[in-house]
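Because the structure is a prediction, the values reported are computed rather than measured. Any value given below was found using the heavy atoms of this structure, including those in side chains, with hydrogens, waters and symmetry copies removed.
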Amino acid sequence: MLTVQANTGPKWQDKIPKAFWRGRDSRQERLDFVVMARKKPELYDAALTNFFFFPYDENKYGPKGSHVSFYDFFKYKYQITIDGTVAAYRLPYLLAGDSVVFKMDSEYYEHFYKELEPWIHYIPFKKDLSDLEKHLDWAIANDKEAEKIALQAREYVRARLSPEHIFCYYYVLLQKFAKLQKTKPKKHDGMEFIAQPQDDKSGCDCKRKKRKSKKHDEL
């Protein structure tokens with residue numbers, strides 16, 4: 001995350017005004033997006049970089065695009081994120097890159113998703129891609145508003161997803177998980193006992209904002 005913050009590409013006004021995406025073939029929507037993007041190269045720069053799940057469809061969805069350094073993603077003003085086998089892991093890094101993120105509606109989520117707000121931190125689009133181009137056209141026509149969303153996303157990441165915040169989250173998560181254990185762990189021969197903190201006085205404060213809508217069951 002710290003490295004991404006130092007490599008966010010050109011200033012907003014100098015970024016390439018296209019929607020950028022690279023990834024492997026781990027979801028049908030990714031394949032559909034590449035087909036859609038290929039029809040309008042003036043709007044999109046998108047390609048699959050590897051065929052693993054759909055190897056027999058490379059003739060249809062290929063050719064494979066070249067791998068692009070993650071830092072070079074941020075030469076582009078608009079970033080597309082589409083889930084793969086699970087939630088797209090690159091989302092927090094894209095949010096930090098001073099480009100506006102277009103995020104597909106998803107049933108998958110990470111722990112920080114409930115703090116993100118559509119049209120505040122990212123621009124949402126439907127899973128079937130039907131409104132993606134409409135929202136992209138809006139961003140192109142409303143450049144200042146799109147830039148504002150990009151900056152708000154960047155500030156959120158810096159305030160809530162820096163390394164110390166992630167470590168803090170897992171510290172609290174594992175403490176809560178430990179309390180759910182029904183039996184005490186046993187020390188077997190050849191093992192070394194490592195004393196653990198017996199209280200929550202670590203100075204770690206992971207209180208998170210709660211959203212009123214779309215609740216998820218999380219630890």
Return the [atom1] to [atom2] distance between [X] and [Y], rounded to the nearest 0.5 Å.
X	Y	atom1	atom2	result
Tyr44	Trp21	OH	CH2	13.5 Å
Arg160	His111	CZ	NE2	8.5 Å
Lys187	Met191	NZ	CE	9.0 Å
Arg90	Leu95	CZ	CG	12.5 Å
Gln79	Thr81	CD	OG1	9.5 Å
Arg158	Glu155	CZ	CD	6.0 Å

Do [X] and [Y] make a side-chain contact, defined as non-hydrogen atoms from C-beta onward lying under 4.5 Å apart?
X	Y	value
Leu94	Tyr122	no
Asp32	Met36	no
Arg24	Phe51	no
Ile80	Leu132	yes
Asn7	Phe74	no
Ser99	Tyr76	no

Leu43/Ile140 under side-chain contact (heavy atoms from CB on, under 4.5 Å): CA gap, chis, key distance, verdict: CA-CA 10 Å; Leu43 289 179; Ile140 294 171; 3.8 Å; yes
Modelled atom types, side-chain donor and acceptor of Tyr156 and Gln152, under 3.5 Å: no
Distance-only polar pair, side chains of Ser26 and Arg30, donor-acceptor under 3.5 Å: yes
Can you see which heavy atom on [X] is nearest to which on [Y], and at what distance?
X	Y	value
Asp25	Phe52	OD1-N, 2.8 Å
Val157	Met1	CG1-SD, 3.4 Å
Glu145	Trp138	CB-CH2, 3.6 Å
Leu116	Pro118	O-CD, 4.1 Å
Val86	Asp83	O-CB, 3.5 Å
Pro41	Arg38	CD-O, 3.6 Å

Sole candidate of Phe20, Tyr78, Tyr93 that passes ring pair (Phe, Tyr, Trp, His ring centres under 6.0 Å) when paired with Phe73: Phe20
Quick check: are there more than 12 heavy atoms from other residues, nucleotides or ligands sitting under 6.0 Å from [atom1] of [X]?
X	atom1	answer
Tyr89	OH	no
Lys11	NZ	no
Lys75	NZ	no

Using the rule that Ile, Leu, Val, Met, Phe, Trp and Tyr join whenever any side-chain heavy atoms are under 4.5 Å apart, tell me whether [X] and [Y] fall into a single cluster.
X	Y	value
Trp119	Phe125	yes
Ile166	Leu174	no
Leu31	Tyr108	no
Leu91	Tyr109	yes

Residues [X], [Y]: salt bridge by 4.0 Å N-O rule:
X	Y	result
Glu107	Lys127	yes
Asp45	Arg22	yes
Asp98	Arg154	yes
Lys77	Glu147	no
Arg27	Glu29	yes

Evaluation steps, side-chain contact (heavy atoms from CB on, under 4.5 Å), between Ile120 and Ile149: CA-CA 5 Å; Ile120 299 296; Ile149 293 173; over 6 Å; no
Ring centres under 6.0 angstrom apart (Phe102, His135): no
side-chain contact (heavy atoms from CB on, under 4.5 Å) evaluation trace for Trp12 with Val100: CA-CA 10 Å; Trp12 175 264; Val100 65; 4.1 Å; yes
Step-by-step side-chain contact (heavy atoms from CB on, under 4.5 Å) determination, Glu133 to Lys40: CA-CA 10 Å; Glu133 190 164 314; Lys40 292 195 174 181; 2.5 Å; yes
